[in-house]
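Working notes, beginning with the structure itself.
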2 protein chains.
Amino acid sequence: MAAKRSGARSKRSQGMSVRLQSVQESRGEPPLSRERIVATAVELLDTRGVDGLTMRRLADRLGSGVMSLYWHVDNKEDVFDLALDSVLEYRGPPQTVESQDWRGEVVHMLEDWRASMLRHPWSASLLPRRALGPNILGRLELLSKTLSKAGVADADLNVAIWSLWNYVMGATVTRASFDLSDDDRAAAQQRLTHLSERYPTIERSRLLLDDDWSGAFRRGLDFLLDGLAPKQ
Amino acid sequence: MAAKRSGARSKRSQGMSVRLQSVQESRGEPPLSRERIVATAVELLDTRGVDGLTMRRLADRLGSGVMSLYWHVDNKEDVFDLALDSVLEYRGPPQTVESQDWRGEVVHMLEDWRASMLRHPWSASLLPRRALGPNILGRLELLSKTLSKAGVADADLNVAIWSLWNYVMGATVTRASFDLSDDDRAAAQQRLTHLSERYPTIERSRLLLDDDWSGAFRRGLDFLLDGLAPKQ
DNA sequence: ACCTGAACACCGTTCAAGT
DNA sequence: ACCTGAACACCGTTCAAGT
């Protein structure tokens with residue numbers, strides 16, 4: 001089921017003479033390519049959400065026929081996978097070379113992870129059901145290495161990584177969904193105050209109103225890291 | 001946008017005489033109702049996954065016309081919300097009355113939460129983008145009460161709850177997605193061993209092969225609870 | 001109060017074909 | 001090697017109507 005996806009397009013640039021703009025939409029758009037498709041898919045997802053990505057709409061934006069996409073891409077699922085991974089590239093920690101501060105490094109990595117996903121809210125709800133692309137694996141690898149160097153026992157390593165992963169995924173996915181629907185949130189809150197006799201505790205603590213998401217993320221992460229930290 | 005959804009169907013039982021089975025499909029199915037629709041939607045989701053739920057298919061299984069559903073239900077999103085919440089009922093802890101063991105209670109609640117969602121894997125990927133129904137709020141309320149009684153400071157309470165929520169959501173969503181696609185998993189693993197020079201650490205620790213999910217969930221939860229536990 | 005079919009404006013993808 | 005339109009088998013939902 002792979003077969004195509006070779007890459008290495010034919011060079012299509014035989015002198016940018018004023019040829020009669022072939023089939024390519026008026027402005028002389030660059031030819032189709034995996035990268036252009038993915039980039040445009042991300043744009044579309046950013047502006048219209050998960051349900052807004054349509055093969056037809058995508059082709060439209062690219063100035064091509066729908067079926068042309070299928071030369072470069074297996075199917076719609078493939079587009080999702082590629083868009084997702086493309087959004088999760090990690091540029092590495094700031095220029096503090098080999099800091100001794102493993103905890104700071106981990107916090108930075110995970111905050112960046114969260115931030116990257118929140119910049120593209122659709123990614124949060126997509127990630128859990130898609131395959132792990134190279135950028136995701138890269139992040140896991142780096143996290144793994146950092147924890148290992150910090151002294152987390154080999155026997156605890158996988159649990160530690162999954163715990164952090166779970167925490168980040170849960171936090172991001174939740175945050176992204178609340179973000180999408182201020183309406184829902186208001187509705188939930190209203191339902192809640194209205195039913196405050198059924199949910200007195202979370203009503204009193206204003207659980208659903210608390211909107212310092214970043215602060216809560218950071219503080220919860222500290223709790224988790226407290227638990228994970230190698231006992232000396 | 002509410003308007004209908006009243007409930008209180010007309011009594012339709014005027015003596016189960018052998019009337020000529022009206023339009024209702026041959027076997028004399030019970031009339032449509034919110035509950036029947038939701039129950040059937042859950043069945044459908046269980047057997048065919050998120051993409052398998054279709055208003056037409058749903059109506060088919062219920063032996064009714066598609067548009068009849070719209071009397072009882074706002075739209076497809078509504079069906080998702082209802083199905084999701086219906087699957088998350090909490091029956092409460094086992095019959096240990098008012099145990100002093102808050103930690104045990106919390107672990108039980110969260111393991112049950114995870115188990116409920118894994119019994120219906122679609123729920124995991126759905127929950128983050130849907131509204132919070134009464135059963136979800138109920139679980140949050142109970143969790144909140146337990147932590148509060150255990151001595152978690154008010155100022156830490158919301159962070160504690162969200163941390164646990166995040167952890168459970170992340171773990172469940174991840175587990176469910178791996179479950180869905182053994183293929184993907186095998187593929188990922190193969191890609192990984194093949195690229196072991198790029199991801200040496202996670203390759204060595206066999207991060208993606210570790211399949212004691214329940215154990216990892218429990219141990220990671222312990223880490224988090226260690227961090228959360230009120231310091232005495 | 002409850003149910004219906006026809007119709008509309010969409011989908012993703014197969015296929016056979018063009019250059 | 002790359003792109004295409006027509007066609008197929010679907011979708012969710014509006015509407016005007018039936019009982």
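In the text below, chain A, chain B and the rest are named by the order of the sequence lines, each starting its count at 1.
- Partners of A:Ala160 according to the side-chain contact (heavy atoms from CB on, under 4.5 Å) rule, which considers only residues two or more places apart in sequence or in another chain, are A:Leu147, A:Val152, A:Leu228.
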message: Just to be sure I follow the notation: if a pair is Watson-Crick (purine N1 to pyrimidine N3 plus N6-O4 or O6-N4) or a G-U wobble (N1-O2 and O6-N3), each under 3.5 Å, what dot-bracket string does DNA chain C give, with | for pairs to another strand?
response: ||.|||||...|||||.||
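- For A:Arg56, there are no salt bridge (charged side-chain N to carboxylate O under 4.0 Å, His left out) partners at least two apart in sequence or on another chain.
- Here salt bridge (charged side-chain N to carboxylate O under 4.0 Å, His left out) pairs that include residues 109-123 of chain A, with residues two or more places apart or in two chains, are A:Asp112-A:Arg139.
- Counting all heavy atoms, side chain and backbone alike, A:Ser163 lies closest to B:Gly220 at OG-CA, 3.2 Å.
- For A:Glu77, the side-chain contact (heavy atoms from CB on, under 4.5 Å) partners two or more places apart in sequence, or in a different chain, are A:Asn75, A:Arg130.
- Looking at residues two or more places apart in sequence or on another chain, you find a ring pair (Phe, Tyr, Trp, His ring centres under 6.0 Å) between B:Trp113 and B:Trp165.
- In this structure, B:Asp60 places its CG atom 11 Å from P of D:dC10, rounding to the nearest Å.
- For A:Ser68, the side-chain contact (heavy atoms from CB on, under 4.5 Å) criterion is met by A:Leu32, A:Ser64, not counting sequence neighbours.
- Atoms CG (A:Leu62) and P (D:dC2) sit 16 Å apart, rounded to a whole Å.
- The separation between B:Leu44 atom CG and D:dC11 atom P is 10 Å, rounded to whole Å.
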task: Using a 4.0 Å cut-off on protein heavy atoms (strictly under), produce a 5'-to-3' string for nucleotides 12-19 of chain C with B for base contact, S for backbone-only sugar-phosphate contact, and - for none.
output: BBBB----
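- Rounded to whole Å, the P atom of D:dC2 lies 22 Å from the corresponding atom of C:dA17.
- For B:Ala124, the side-chain contact (heavy atoms from CB on, under 4.5 Å) partners two or more places apart in sequence, or in a different chain, are B:Met117, B:Thr172, B:Val173, B:Ala176.
- Whole-Å rounding puts the B:Asp51 CG to C:dC11 P distance at 16 Å.
- Within the structure, every side-chain polar atom (N or O) of A:His72 is placed at least 4.0 Å from both OP1 and OP2 of D:dA1.
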